[in-house]
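We use all heavy atoms of the structure for the numbers below, so side chains are in, but hydrogens, waters and symmetry mates are not. Reminder, nothing fancy here: chain letters follow the sequence lines and each chain counts from 1.
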Amino acid sequence: MAIDESSIVDAVAGLGIAGNEEGLIPAFGLYLTKHSADYYNRISFATARELEGSGLEDDAEQLLVEAGHVCAFNTFGGIMQSAEWEAVVKPMIETREDWIRGMVGVVNAFGWGKWKIESLTANSELTISIDEAYECSGWVRDYPLGARARCYLATGGVAGLMNLLYVGDITDRPKLDESYYRELFRAEGHFTATETKCRARGDAGCVITARRA
Amino acid sequence: MTQARKYGDLVDQLEVGPLTIVVRHSCVRRDLYEILSKQPVSPALKERLLGRGTVRGSDALYVVEVPGVHQITVATAAGRIVVMPRIETERPAQRAAVLALAELIIATKSD
């Protein structure tokens, strides 16, 4: 059985995932925070903009992408170990690459933009295109177009997917602790990602490719 | 000095009849619980939980929101039940509620 994204979206939508009175969204074994996309955007973009002209622009970008690595490790990793994943996605999984296809389905169910796998070469390369990515949507609305891509969290997320599958082994349900994080994201030949197209630069959509460092 | 527990650290593992309950540290105020059954969860459990709160999802995967107590996620075929306590409940009450749920799961196995 191939991954059927629509069934993932339907199943997740059927759970009525929403924030509670604690300001949290308990789902997929995680406590996700309930806040608007702009809340995160404003913080990350303020950081990046504060450092413009300082010579630390690349450092700011790396820090914000690193936040995406940590997010991918904990959030994607947690989702892939969850009861929801086991009930909805795992029955459709036939190959290791299906774990990535399934996770992209969950991302789309959550509405973090419309992700599409443009190409996936096992253990080598992943290219994801994103329509209506929430990060650059916020940038385009509030700030002028420029030379830099701005989908920091998504960029870290794409690299994170590959590291979870091909540097580590999320299919074996490892403990997602700091030691394992370092093993995945600091290892020789770990994956890093680059956003080659971004609406914040005037491109029609966003494209992110992860390859081994 | 005792090292503080981190998110996901194993706190306890209990055997309650045919069920295994895994308790993990979530934060200073609550733990996360996972109830594991070697058998699929009985469809009767969903019926019994209907009276306890709001139920959403399908027969294969559903979520029960018990106001002020916890959220229960049931993956029926996998026999996995995840319980995420509300922060307003104290740890002893969190555990008591999970143990009561475990008893209900056992009771519905023969339904």
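Contact annotation for Y31(A): both backbone and side-chain heavy atoms come within less than 4.5 Å of a heavy atom of chain B. Neither the backbone nor the side chain of R24(B) comes within contact range of chain A, judged by heavy atoms closer than 4.5 Å. P85(B) touches chain A through backbone and side chain together, each having a heavy atom under 4.5 Å away. Residue V63(B) touches chain A through both its backbone and its side chain, counting heavy-atom pairs closer than 4.5 Å. Of the atoms belonging to S26(B), it is side-chain heavy atoms, and not backbone ones, that fall under 4.5 Å from chain A. Using a 4.5 Å cut-off between heavy atoms, L176(A) does not touch chain B at all. Contacts of A11(A) with chain B are absent, with no heavy-atom separation under 4.5 Å from either backbone or side chain. At a 4.5 Å heavy-atom cutoff, the contact between E86(A) and chain B is made by side-chain atoms alone. Contacts between A77(B) and chain A at a heavy-atom distance below 4.5 Å are absent for every atom of the residue. If you measure heavy-atom distances from L32(B) to chain A, the contacts under 4.5 Å come from the side chain alone.
In this structure, E66(A) pairs ionically with R186(A), as a charged nitrogen and a carboxylate oxygen lie closer than 4.0 Å.
The candidate with the highest count of non-hydrogen atom pairs below 4.5 Å against chain A, out of T73(B), L10(B), V55(B), T76(B), is T73(B). Of all the listed residues (I17(A), D10(A), N20(A)), the one sharing the greatest number of non-hydrogen pairs under 4.5 Å with chain B is N20(A). By number of non-hydrogen pairs under 4.5 angstrom with chain B, the leading residue of G29(A), P26(A), A13(A) is P26(A). If you tally non-hydrogen atom pairs under 4.5 Å between each of K90(A), Q81(A), E178(A) and chain B, the highest count goes to Q81(A).
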Original post:
Stepwise, does the ring pair (Phe, Tyr, Trp, His ring centres under 6.0 Å) test hold for W112(A) with Y134(A)?
Top reply: CA-CA 7 Å; W112(A) 297 335; Y134(A) 71 87; 7.6 Å; no
Subject >> Pair F28(A)-F110(A), ring pair (Phe, Tyr, Trp, His ring centres under 6.0 Å): steps then yes or no >> reply: CA-CA 11 Å; F28(A) 288 85; F110(A) 280 150; 5.4 Å; yes
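Using cut-offs of 30° and 60° for the angle between ring planes, the Y180(A) and F73(A) rings count as tilted. Ring geometry, Y181(A) versus F185(A): the interplanar angle falls under 30°, so the pair is classed parallel (tilted spans 30 to 60°).
For R173(A), the CZ atom counts as densely surrounded, since its 6.0 Å shell holds more than 12 non-hydrogen atoms of other residues, nucleotides or ligands. Within 6.0 Å of atom NZ in K116(A), 12 or fewer heavy atoms from other residues, nucleotides or ligands are found, so the atom counts as exposed in its surroundings.
In this structure the side chain of V83(B) never reaches within 4.5 angstrom of the side chain of R95(B), judged on heavy atoms.
Closest non-hydrogen pair, I3(A) versus R101(A), comes out as CG1-CB, 3.9 Å.
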